[in-house]
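So the structure is just underneath, and the comments pick up after that.
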Amino acid sequence: MSVRVRFAPSPTGVLHIGSVRTALFNWLFARHNGGKFLLRIEDTDKMRSTDENTKLIFEILEWLSIDWDEEAVIQSERIAKHKEVAENLVLTGGAYYCYCSPEELAVKKEAALKSGKSYKYDGTCRNGDRIAEGVNPVIRLKSEITGTTTVRDLVQGDVTVENSQLDDLVLLRSDGTPTYMLSVVVDDHDMGVTHVIRGDDHLTNTFRQVQIYRACGWSEPQFGHIPLIYGPDGAKLSKRHGAVSAVDYRELGYLPETISNYLLRLGWSHGDDEIISQSQAIEWFDLASVGKSPARFDMKKLQNLNAHYIKQRDNESIFEYMQLFFRREVDDAQREMIMQGMQAIKERAKTVVDLADAAMVYVRAPIEYDDACNTYATKMHIDLLEEVIGMIKDIPEPIGEDEVCNAVKELATKNNVKLVEIAQSIRGALCGKLVSPSVFQIISIIGKKETEKRINSFIHEKRTNS
RNA sequence: GUCUCCUUCGUCUAGGGGUCUAGGACACCGCCCUUUCACGGCGGCAACACGGGUUCAAAUCCCGUAGGAGACGCCA
């Protein structure tokens, strides 16, 4: 039987980075096994689901080159089917109507909590002999109360629980809508899902779901519960840890290949390999190598990987991506200059945002000067800059990097100062800060006129200030 | 509280009885390169949670303990 897996996100919030990993693992598993990767949007909570979130799910998957097979299933369109299954189950004796009101249940729950016991539905209506007038009943599963249930989990191994720990879960709410537990089982069955790979927060739900499969007389899929991603403090990754949505990472300037590679290595490994391409991932991926222990999200390692993939990308494609982060129009001439400086700025960038930022030195004069520049703006430096301007005038255009470099070195020797003194003051004048690619490279790219203009502005600014 | 799962450097991990004085990567520190910052190169620091077994031999197998996490909804 060929493999069919699914990714079933709920559009009640922005797609969590942990969900993205679940999608990735499912996709890799399907592609590795030559099976199908299906998508199902679990939008039954109409109050909290939004079209915007649904759109983002598609968008992020496409961004990560995670393609799905067949048409995405919209869960809310299948409610009638879920309902039918629940009602059939009542007919076959696998489920029953329960007339206990939420208020009654709340009282019992409170009492259980008070006496220090864990709450479980007590089965008041289980025999079907109780009907309360004027109450819309729910449908509950008549689950096994003796024996044990074992899930042979592909990641976690065999996990067994006493059936007495489980209670009769609600399948259909009093308003006639199906619960999550029912919907997942019915949909997975109807979609022919063979392997359910999801976060291990669902592991204990699995026992309940298995009971539903059995009550319906359906064969169960295989399960693989992968550990969740935690924040740096070891708790479930959440908003307070910073970026949690996949969209956030895109906006922070991370490349899709970075995200895939990083997420894959979180909890899964292939020997000592760190840099893994998508095709290698497909070739190597297996559930057996997924670790059982949860992994913490490490932003530093993500950045390092991103820096690696930025260097890997060709200039054209990275420029396209950078444009999302430019806060101004970039004309063809400017584009040309950025392209010339690309290699230099790629080496320094951790994110595409860094890259877009760094590219600005080729595009425009500094908007303001960092305080640090003052160290290289003493009278001596200003005088030296005057000389630099004179010196540059003598060099014919187009001005070469080595030429300026040699000329400035000569100037340094002549004035008996270290090269760093002149280079840094030029840097301050050209960039407004003391960190940038080679100043000689910048001069050769932006040209004589622009160099002169920027240095003059700097001199003017620093003279009037002092 | 009950149930379930987890536990190797700060972090991600390799390892599946002897090849482990525990390997790699990120981070950190130092040196080299150098006009700054990076990049790159070289080197360093740093871990088998604890306690009992089993065995000639345990990071590896078993049992406890401790710690952590998740699940216990008419949410998904």
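Owing to the predicted nature of the structure, the values given are computational and were not obtained by experimental measurement. Naming: A, B, ... by sequence-line order, numbering from 1 per chain.
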How does protein contact run along nucleotides 13-27 of chain B, one letter per nucleotide 5' to 3', with B for base contact, S for sugar-phosphate only, - for none, heavy atoms under 4.0 Å?
-> SS--------BBBSS
Taking only residues two or more places apart in sequence, or in another chain, which ones meet A/Thr351 in a side chain to side chain contact (heavy atoms under 4.5 Å, CB included)?
-> A/Tyr254, A/Asn306, A/Val353, A/Asp354
Do any side-chain atoms of residues 171-183 of chain A form donor-acceptor pairs under 3.5 angstrom with protein atoms, and if so which ones, sequence neighbours left out?
{"unit_1": "A/Arg173", "atom_1": "NE", "unit_2": "A/Thr177", "atom_2": "OG1", "d": "2.9"}
{"unit_1": "A/Arg173", "atom_1": "NH2", "unit_2": "A/Pro178", "atom_2": "O", "d": "2.9"}
{"unit_1": "A/Asp175", "atom_1": "OD1", "unit_2": "A/Thr177", "atom_2": "N", "d": "3.0"}
{"unit_1": "A/Asp175", "atom_1": "OD1", "unit_2": "A/Thr177", "atom_2": "OG1", "d": "2.6"}
{"unit_1": "A/Thr179", "atom_1": "OG1", "unit_2": "A/Val170", "atom_2": "O", "d": "2.9"}
{"unit_1": "A/Thr179", "atom_1": "OG1", "unit_2": "A/Leu171", "atom_2": "O", "d": "3.3"}
{"unit_1": "A/Tyr180", "atom_1": "OH", "unit_2": "A/His202", "atom_2": "ND1", "d": "3.2"}
{"unit_1": "A/Ser183", "atom_1": "OG", "unit_2": "A/His82", "atom_2": "ND1", "d": "3.3"}
{"unit_1": "A/Ser183", "atom_1": "OG", "unit_2": "A/Thr179", "atom_2": "O", "d": "3.0"}

Side-chain donor-acceptor pairs under 3.5 Å in residues 98-106 of chain A, sequence neighbours left out?
{"unit_1": "A/Ser101", "atom_1": "OG", "unit_2": "A/Glu103", "atom_2": "OE1", "d": "3.4"}
{"unit_1": "A/Ser101", "atom_1": "OG", "unit_2": "A/Glu104", "atom_2": "N", "d": "3.2"}
{"unit_1": "A/Ser101", "atom_1": "OG", "unit_2": "A/Glu104", "atom_2": "OE2", "d": "3.4"}
{"unit_1": "A/Glu104", "atom_1": "OE1", "unit_2": "A/Arg130", "atom_2": "NH2", "d": "3.1"}
{"unit_1": "A/Glu104", "atom_1": "OE2", "unit_2": "A/Ser101", "atom_2": "N", "d": "3.2"}

For A/Asn374, the side chain to side chain donor-acceptor pair (under 3.5 Å) test, sequence neighbours excluded, returns A/Lys462
Any pair with a residue in residues 403-415 of chain A that passes salt bridge (charged side-chain N to carboxylate O under 4.0 Å, His left out), sequence neighbours left out, goes on the list, sorted by first then second residue, please.
-> A/Glu387-A/Lys414
List every contact pair, protein side and nucleotides 42-48 of chain B side both N or O, where the distance is under 3.5 Å.
none

Within residues 423-440 of chain A, the residues having a heavy atom closer than 4.0 Å to RNA chain B are A/Ala423, A/Gln424, A/Arg427, A/Leu434, A/Val435, A/Ser436, A/Pro437, A/Ser438, A/Val439, A/Phe440
Hits for side chain to side chain contact (heavy atoms under 4.5 Å, CB included) against A/Lys55, two or more places apart or cross-chain, chain-then-number order -> A/Glu52, A/Glu59
Qualifying residues under salt bridge (charged side-chain N to carboxylate O under 4.0 Å, His left out), relative to A/Arg198, sequence neighbours excluded = none
So how far is it from A/His308 NE2 to A/Lys350 NZ, rounded to the nearest 0.5 Å?
-> 13.0 Å
Heavy-atom protein contacts under 4.0 Å, nucleotides 70-76 of chain B, coded B base, S sugar-phosphate only, - none = BS-SBBB
Partners meeting side chain to side chain donor-acceptor pair (under 3.5 Å) with A/Ser19 (sequence neighbours left out) = none
